[in-house]
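Below you'll find the structure, written out as structure tokens, and then a few comments.
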Amino acid sequence: MAKARSTFRCSACGHTVAKWVGRCPDCGAWGTVDEVASVPARSNGVGGVAPTSPARPLTEINADSSAAIATGIGELDRVLGRGVVPGSVILLAGEPGVGKSTLLLESVKHWARGGRTALYLTGEESAGQVRMRAERTDAVHENVYLAAETDLATILGHVDAVSPSLVIVDSVQTVVATGTDGVTGGVTQIRAVTTALVSMAKNRGIAVILVGHVTKDGAVAGPRSLEHLVDVVLSFEGDRHSTLRMVRGIKNRFGAADEVGCFEQRDDGIHEVPDPSGIFRHERDVDVSGSTAMVAMDGKRALVGEIQALTNKSSMAMPRRAVSGVDSARVAMLIAVLQSRLGVKLDDQEVYVSTVGGMRVTEPATDLAIALAIGSAVKNQPIPHNTVAIGEVGLAGEVRRVTAVARRVAEAKRLGFAHAIIPAGTDEKLPSGIRITRVDNLAQAIAAKRKRDVVDAPF
């Protein structure tokens, strides 16, 4: 039999090298190459092993056992793809304090009220602390079992004793696999713990939700292979200055990977927001200068928001430009286009551009709304409140095509908008019942917004 040789593997990407190096030649990470013992190869070749269960034709396999079970939270089911699949492993990652544990307690509550058993395992809090939060969010139920445990073997013992259909581990970085090298929360430990939990989920048909931490740059903490081991990866995002929370799908083997669920954090827990567009726009019946409605895409979800602009005469050589919720570089470009292509004088004006409700948009489809809002503000000419603007603006002042125009227009129509300004090159089938104006350039868009209220002075 051949002798076993030691190899060196990168814990971040799994790349293998023959000798130790300080930096992985594949992913470029420093200090991630560790020594691992390789299994000696058989001298007479690799022999076959009798399988425990024979392979069957695909037509004979019953898929009913893998049907998704709704969690009772519509926004979460939207991201998961109809619900939780038995035997699946879901990784929910997010910053500390964003509300991951609160959301999972809400899920456990609905799961238990459906007559199913859930096991909540916490490694960061005591059982009493979780009970207090459960009382505050009305998540106390006899079908919910709670244990404060960090040892992997004991966790598997709890699963044997309770026989739940849903297991939540909060968090995977606190669980320790006895007999595995490495510190708690380290790369080796996380990989060993996740592998054991994935194997348990697949063999027993139990759905498992793992809570994961994130690094300073927002990536999931731990080895990159962690995301490959699980079936679904969700990112829980939120702003400390806003109650709005977003669950974003990063990976999903059972549905679309770019869905977004909206929630609102309150004192009594976290609540789903099935219609978040109302948060991002100001309800009004009068026209105000410097305000334009736009439709942004977050994954596959169309969100109607509002762009507000304010200009003020300045005596400084370099007037101030301040933005909030939009890309400052694109705003500067649009100011230059307005000045150069349309003759809108802004070199002596302070310009302030902001979104409503803490919405953050970076896609080019909001260019037209930003440009119209700035022009409306500097000329003090209101844009009709029932008009929405969609389109990218180029440096020549042209309005370029964007994706998912039909979905954006349909969302605007649903919310009561009567007029939509879109790029002329749009070839999608648009919904009826809303007036559509197709424009080739920014000058035509400005004329289109003035059709209903004719004014003497153009932008």
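Residues take their numbers from the sequence shown, with the count starting at 1.
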(message) If I take atom OG from residue S199 and atom CG from residue L229, how far apart are they, to the nearest 0.5 angstrom?
(response) 11.0 Å
(request) Could you point out which residue of D367, L368, T366 forms a side-chain contact (heavy atoms from CB on, under 4.5 Å) with M294? (result) T366
(request) Sequence neighbours left out, what passes side-chain contact (heavy atoms from CB on, under 4.5 Å) with V187? Give chain and number order. (result) S11, R191, P223
(request) Tell me yes or no: between the side chains of E306 and S291, is some donor less than 3.5 Å from an acceptor? (result) yes
(request) Evaluate the side-chain contact (heavy atoms from CB on, under 4.5 Å) criterion for residues L152 and T178: first the C-alpha distance (whole Å), next the side-chain angles of each, then the deciding distance (0.1 Å), finally the verdict. (result) CA-CA 7 Å; L152 176 62; T178 306; over 6 Å; no
(request) Of all the heavy-atom pairs spanning V295 and A412, show the shortest one and how long it is. (result) CG2-CB, 4.4 Å
(message) Just checking R9: does its CZ atom have more than 12 heavy atoms from other residues, nucleotides or ligands closer to it than 6.0 angstrom?
(response) no
(message) Once rounded to the nearest 0.5 Å, what's the spacing between atom OG1 of T188 and atom CG of D34?
(response) 5.5 Å
(request) Determine yes or no for a side-chain-to-main-chain donor-acceptor pair under 3.5 angstrom, with Q173 supplying the side chain and H213 the backbone. (result) yes
(message) More than 12 heavy atoms of other residues, nucleotides or ligands under 6.0 Å from CZ of R414: yes or no?
(response) yes
(request) Check V208 against A201 and note the closest heavy-atom contact, atom names and distance. (result) CG2-CB, 3.7 Å
(request) First locate atom OG of S376, then atom CD1 of I383, and finally report the distance between them rounded to the nearest 0.5 Å. (result) 4.5 Å
(request) Evaluate the side-chain proximity of V356 to Q308: yes if any heavy-atom separation is below 4.5 Å, no if none is. (result) yes
(request) May I ask you to decide if A420's main-chain N or O and K413's side chain share a donor-acceptor pair within less than 3.5 Å? (result) no
(request) List the steps, then state whether salt bridge (charged side-chain N to carboxylate O under 4.0 Å, His left out) holds for E106 with K109. (result) CA-CA 5 Å; E106 188 74 14; K109 175 180 68 176; 3.0 Å; yes
(request) Considering non-hydrogen atoms only, spot the tightest contact between A296 and V361 and give its length. (result) CB-CG1, 3.6 Å
(request) Check whether any side-chain heavy atom of I250 sits under 4.5 Å from a side-chain heavy atom of L234, and report yes or no. (result) no
(message) Distance alone, cut at 3.5 Å: any donor-acceptor contact between the side chains of W111 and T117?
(response) no
(request) Please test R401 against D427 for side-chain contact (heavy atoms from CB on, under 4.5 Å), starting from the C-alpha separation and ending with a verdict. (result) CA-CA 9 Å; R401 291 190 301 174; D427 55 1; 3.6 Å; yes
(message) Pair T362, D327 - check side-chain hydrogen bond (donor to acceptor under 3.5 Å, both in side chains), show working.
(response) CA-CA 6 Å; T362 56; D327 187 4; over 6 Å; no
(message) Please report the interatomic distance CG(D170) to NZ(K100), rounded to the nearest 0.5 Å.
(response) 7.5 Å
(message) Could you walk me through whether V211 and V169 satisfy the side-chain contact (heavy atoms from CB on, under 4.5 Å) test, starting with their C-alpha distance in whole Å, then the side-chain angles of each, then the deciding distance to 0.1 Å, before giving a yes or no?
(response) CA-CA 6 Å; V211 177; V169 180; over 6 Å; no
(request) Measure from the side-chain N and O atoms of K19 to the backbone N and O of F8, and report whether any donor-acceptor pair falls under 3.5 Å. (result) no
(message) Can you confirm whether V98 sits close enough to E237 that some side-chain heavy atom of one is under 4.5 Å from a side-chain heavy atom of the other?
(response) no
(request) Report the distance from atom OG1 of T426 to atom CZ of R400, rounding to the nearest 0.5 Å. (result) 12.5 Å
(message) Looking at L58, I want to see if its CG is surrounded by more than 12 non-hydrogen atoms of other residues, nucleotides or ligands under 6.0 Å.
(response) no
(message) Any non-hydrogen side-chain atom of I374 less than 4.5 Å from a side-chain atom of Y352?
(response) no
(message) Under a 3.5 Å cutoff, is there a donor and acceptor pairing between the side chains of T137 and D268?
(response) no
(request) Determine the sole option in I69, V247, T71 for which the side-chain contact (heavy atoms from CB on, under 4.5 Å) test with L80 is passed. (result) T71
(request) Any chance you could measure F236, atom CZ, to L76, atom CG, to the nearest 0.5 Å? (result) 9.0 Å
(request) Evaluate side-chain contact (heavy atoms from CB on, under 4.5 Å) for V172 paired with T194, printing each intermediate quantity in order. (result) CA-CA 7 Å; V172 67; T194 305; 3.8 Å; yes
(request) Indicate yes or no for a side-chain donor-acceptor contact from E135 to the backbone of M132 under 3.5 Å, with no hydrogens or angles considered. (result) no
(message) Quick check: do I90 and D231 have side-chain heavy atoms less than 4.5 Å from each other?
(response) no
(request) Could you check if a side-chain atom of V304 sits within less than 4.5 angstrom of a side-chain atom of F417, using non-hydrogen atoms only? (result) yes
(request) Search all heavy atoms of S88 against all heavy atoms of V85 and return the closest pair with its distance. (result) OG-O, 2.5 Å
(request) State whether the number of non-hydrogen atoms from other residues, nucleotides or ligands found under 6.0 Å of E363 atom CD is greater than 12. (result) yes
(message) Within the 4.5 Å heavy-atom criterion, are V233 and L226 side-chain neighbours or not?
(response) no
(message) If you count heavy atoms of other groups shown closer than 6.0 angstrom to CD1 of I436, is the number above 12?
(response) yes
(request) State, to 0.1 Å, how close G83 and D77 come at their nearest heavy-atom pair, and which atoms those are. (result) CA-OD1, 3.5 Å
(request) Report the C-alpha separation of R360 and D298 in whole Å, then their side-chain angles, then the decisive distance to 0.1 Å, and conclude whether the salt bridge (charged side-chain N to carboxylate O under 4.0 Å, His left out) test is met. (result) CA-CA 10 Å; R360 295 184 181 275; D298 198 337; over 6 Å; no
(message) Using only atom types and a distance under 3.5 Å, with no angle test, would you say the side chain of R407 pairs donor to acceptor with the backbone of K300?
(response) yes
(message) So L119 and V159, do their side chains get closer than 4.5 Å, heavy atoms only?
(response) yes
(message) Whether the side chain of R245 engages the backbone of Q265 through a donor-acceptor N/O pair (distance < 3.5 Å, no angle test) should be reported.
(response) no
(message) Is it the case that the side chain of E75 and the backbone of C262 share a donor-acceptor pair, with hydrogens and angles ignored and the cut-off at 3.5 Å?
(response) yes
(message) Strictly distance-based, threshold 3.5 Å: is any side-chain N or O of K251 a donor or acceptor partner for the main-chain N or O of V232?
(response) no
(message) Please check this pair: side chain of E259 against backbone of G249, looking for a donor-acceptor N/O pair closer than 3.5 Å.
(response) no
(message) My understanding is that only residues two or more places apart in sequence, or in another chain, count here; which of them pass side-chain contact (heavy atoms from CB on, under 4.5 Å) with V130?
(response) L105, Y120, T122, E125, R133, L146
(message) For the CZ atom on R320, are there more than 12 heavy atoms of other groups (residues, nucleotides or ligands in this structure) within a distance under 6.0 Å?
(response) no
(message) So for atom CZ, which belongs to R82, do other residues, nucleotides or ligands contribute more than 12 heavy atoms lying within a distance under 6.0 Å?
(response) no
(request) Return yes if some donor-acceptor pair links the side-chain N/O of R248 with the main-chain N/O of V260 below 3.5 Å, else return no. (result) no
(request) With sequence neighbours left out, write down each residue that passes side chain to side chain donor-acceptor pair (under 3.5 Å) with T59, or none if nothing qualifies. (result) none
(request) Search all heavy atoms of R408 against all heavy atoms of A365 and return the closest pair with its distance. (result) NH1-CB, 3.5 Å
